[in-house]
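All values derive from a computational prediction rather than experimental measurement. Computed from heavy atoms alone, side chains included, the values below leave out hydrogens, waters and symmetry copies.
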Amino acid sequence: MTTPRQPSSDPDGGRARASAAVDAATESFVAHRNLLFTVAYELLGSAADAEDVLQETWLRWADRAADDGSEEVRDERAYLVRTTTRLALNRLRTLSRRKESYVGPWLPEPLLTAPDVAEDVELAESVSMAMLLVLETLAPTERAVFVLREVFDVPYDEIAHAVDKSPAAVRQLAHRAREHVAARRPREVVSPAASRRALEAFQRAARTGDLHALLDVLAPDVVLVSDGGGLKQAALRPITGADKVLRFLVGVTAKNGLAQVEPAQVNGSPALRLHLDGELDGVLALRLDGGVVTGLYYVRNPEKLRRLDTATPLTR
């Protein structure tokens, strides 16, 4: 609910109030910024696009605050999440068209994350490479409904305002999205220790050059998806099967030499940063099911490796 403000007849007083309102709006926006970025990133899978959405959200929020005749917002968090969601949905449709001309498979932009993200199991799963790829299979509105409801626990009525649907329609979308995601998400929540053990096997293989040792941790039907964006060497289609995946990795190392490998917390889960000749060359994230690696996500596109020096704050 909103309450209309009365227009001012004092120009100087109006400017002072507008300035104070913008200052208060700035403070409120900063307080909610990490949440808004997380919402936008989960909807888009792209930090760069999420930042653009936040910039537009801020401009609209500041303009509203400066307008002395605008209605007062009683629930600032809900209003900002709603605005961010609407703008992200518009951007998501543009992003979908952009992906149609993308060279090779598209992977989400990886983020270096702080340990507190991994401690929130639900948040860590929701921003994992595996889950973001599952979300890619949802229609835009379904994705927004699922993220807002399942990750951020937004009430159905508020989601309805954000996506311009009736509450009944939102409940149906949420039910359909939950079933869709449940059929495709990892079957189990993998402990950080299990992820580290698998990553240590990759580190040993890179250090010793014995890549065939990886067969002990790769599922027979493991799938490797590599994203070079047309700027770095990558497979133009997903590679399926342990033997084929191993041959691809052997080929990459034969051409580029052994990489320096270091562990990192990426998208809430243990991952590896790969360096060649002292330069960051890529990020390798894993999906584990039943104690073995069932998915490998190898991001080499340099335009997606810009947020791997400083942790990106994520929250819900």
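A distance of 8.0 Å separates OG of Ser46 from CZ of Arg91, quoted to the nearest 0.5 Å. A distance of 13.0 Å separates CD in Glu56 from CZ in Arg86, rounded to the nearest 0.5 Å. In this structure, CG on Leu132 lies 10.5 Å from CG on Leu44, to the nearest 0.5 angstrom. Interatomic distance, CG of Leu173 versus CZ of Arg171, reported as 12.5 Å (0.5 Å rounding).
Cluster annotation: Val250 is connected to Val222 through the hydrophobic network of ILVMFWY side chains, with a link wherever side-chain heavy atoms come within less than 4.5 Å. Put simply, Leu284 and Trp106 are part of two different groups of oily side chains (I, L, V, M, F, W, Y) that touch within less than 4.5 Å, one to the next. Leu249 and Val292 fall into different hydrophobic clusters, defined by Ile, Leu, Val, Met, Phe, Trp and Tyr side-chain heavy atoms under 4.5 Å apart, directly or through other members. Connection of Leu231 to Leu274 is not established within any shared hydrophobic cluster, with ILVMFWY side chains joined at heavy-atom distances below 4.5 Å, either directly or through further cluster members. A chain of hydrophobic side-chain contacts below 4.5 Å, direct or via other Ile, Leu, Val, Met, Phe, Trp or Tyr residues, connects Leu215 to Leu288.
Inter-residue side-chain proximity for Arg98 and Asp49 is flagged as met; some heavy-atom pair is nearer than 4.5 Å. Side-chain contact between Pro263 and Gln203: present, with at least one pair of heavy atoms (C-beta onward) separated by less than 4.5 Å. Residues Leu80 and Thr83 fail the side-chain proximity criterion, which asks for heavy atoms closer than 4.5 Å. Looking at Lys99 and Leu95, their side chains come closer than 4.5 Å, going by heavy atoms from C-beta outward. Counting heavy atoms from C-beta outward, Leu87 and Arg60 have side chains that approach closer than 4.5 Å. Contact annotation: the side chain of Tyr41 approaches that of Leu111 to within less than 4.5 Å [non-hydrogen atoms, C-beta and beyond]. With a 4.5 Å cut-off on side-chain heavy atoms, Leu138 and Phe146 count as touching. Side-chain contact between Asp116 and Asp120 is absent, with no heavy atoms from C-beta onward closer than 4.5 Å.
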Could you check Leu296 against Leu218 for side-chain contact (heavy atoms from CB on, under 4.5 Å), going step by step and ending with a plain yes or no?
CA-CA 10 Å; Leu296 289 167; Leu218 297 179; 4.2 Å; yes
Stepwise side-chain contact (heavy atoms from CB on, under 4.5 Å) check, Thr38 with Leu123:
CA-CA 10 Å; Thr38 308; Leu123 177 61; 4.0 Å; yes
Verdict with reasoning, Glu51 to Arg307, per salt bridge (Lys or Arg N to Asp or Glu O under 4.0 Å):
CA-CA 12 Å; Glu51 290 287 4; Arg307 287 180 171 261; 2.6 Å; yes
Show, in sequence, the C-alpha distance, side-chain angles and deciding distance for Leu89 and Arg143, and conclude whether the side-chain contact (heavy atoms from CB on, under 4.5 Å) test is met.
CA-CA 9 Å; Leu89 276 174; Arg143 182 170 182 167; over 6 Å; no
List the steps and the verdict of side-chain contact (heavy atoms from CB on, under 4.5 Å) for Val39 and Phe152.
CA-CA 8 Å; Val39 170; Phe152 299 98; 3.6 Å; yes
Could you walk me through whether Asp281 and Lys232 pass the salt bridge (Lys or Arg N to Asp or Glu O under 4.0 Å) check?
CA-CA 9 Å; Asp281 181 75; Lys232 286 285 189 74; 3.2 Å; yes
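Using modelled atom types and a 3.5 Å distance limit, the side chains of Arg176 and His180 yield no donor-acceptor pair.
Residue-environment remark: CD (Glu122) stays at or below the threshold of 12 foreign heavy atoms within 6.0 Å.
Taking both residues in full, the closest heavy atoms of Ala264 and Arg273 are given as CB-NE, 3.7 Å, listed atom of the first, atom of the second, then distance. Residues Leu35 and Thr315 come closest through the heavy atom pair N-CG2, 3.4 Å. Nearest heavy atoms, Ile239 versus Ala235: CD1-CB, 3.7 Å. Tyr298 approaches Gly282 most closely through the heavy-atom pair CE1-CA, 4.3 Å. Here the shortest heavy-atom pairing between Pro105 and Asp227 reads O-CG, 3.5 Å. Nearest heavy atoms, Ala66 versus Val22: CB-CG2, 3.8 Å.
Looking only at distances, a side-chain donor or acceptor of Glu109 sits under 3.5 Å from a matching main-chain atom of Ala48. With hydrogens and angles disregarded, a donor-acceptor distance shorter than 3.5 Å links the side chain of Asn301 to the backbone of Glu303. Side chain of Ser128 to main chain of Glu125: a donor-acceptor pair is present (N/O by atom type, distance under 3.5 Å, no hydrogens or angles). Under the 3.5 Å distance criterion, the side-chain polar atoms of Arg149 are matched with a main-chain donor or acceptor of Val154. Between the side chain of Arg185 and the backbone N or O of Val134, no donor-acceptor pair lies under 3.5 Å. Checked by atom type and distance alone, the side chain of Thr85 pairs as donor or acceptor with a backbone atom of Val81 at under 3.5 Å.
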Contacts under 3.5 angstrom, residues 155-170 side chains, donor-acceptor by atom type, not counting sequence neighbours:
| residue | atom | partner | partner atom | Å |
| --- | --- | --- | --- | --- |
| Glu158 | OE2 | Arg82 | NH1 | 2.6 |
| Ser166 | OG | Ala169 | N | 3.1 |

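In this structure, Leu280 shares a hydrophobic cluster with Leu107, Leu112, Met129, Leu133, Val223, Val225, Val266, Val283, Tyr297, Val299, Leu305, Leu308, the cluster being traced through Ile, Leu, Val, Met, Phe, Trp and Tyr side chains under 4.5 angstrom apart.
The ring-ring contact (aromatic ring centres under 6.0 Å, His included) pairs that include a residue from residues 43-65 are Phe29-Trp58, Trp61-Tyr79, where partners are two or more places apart or lie in different chains.
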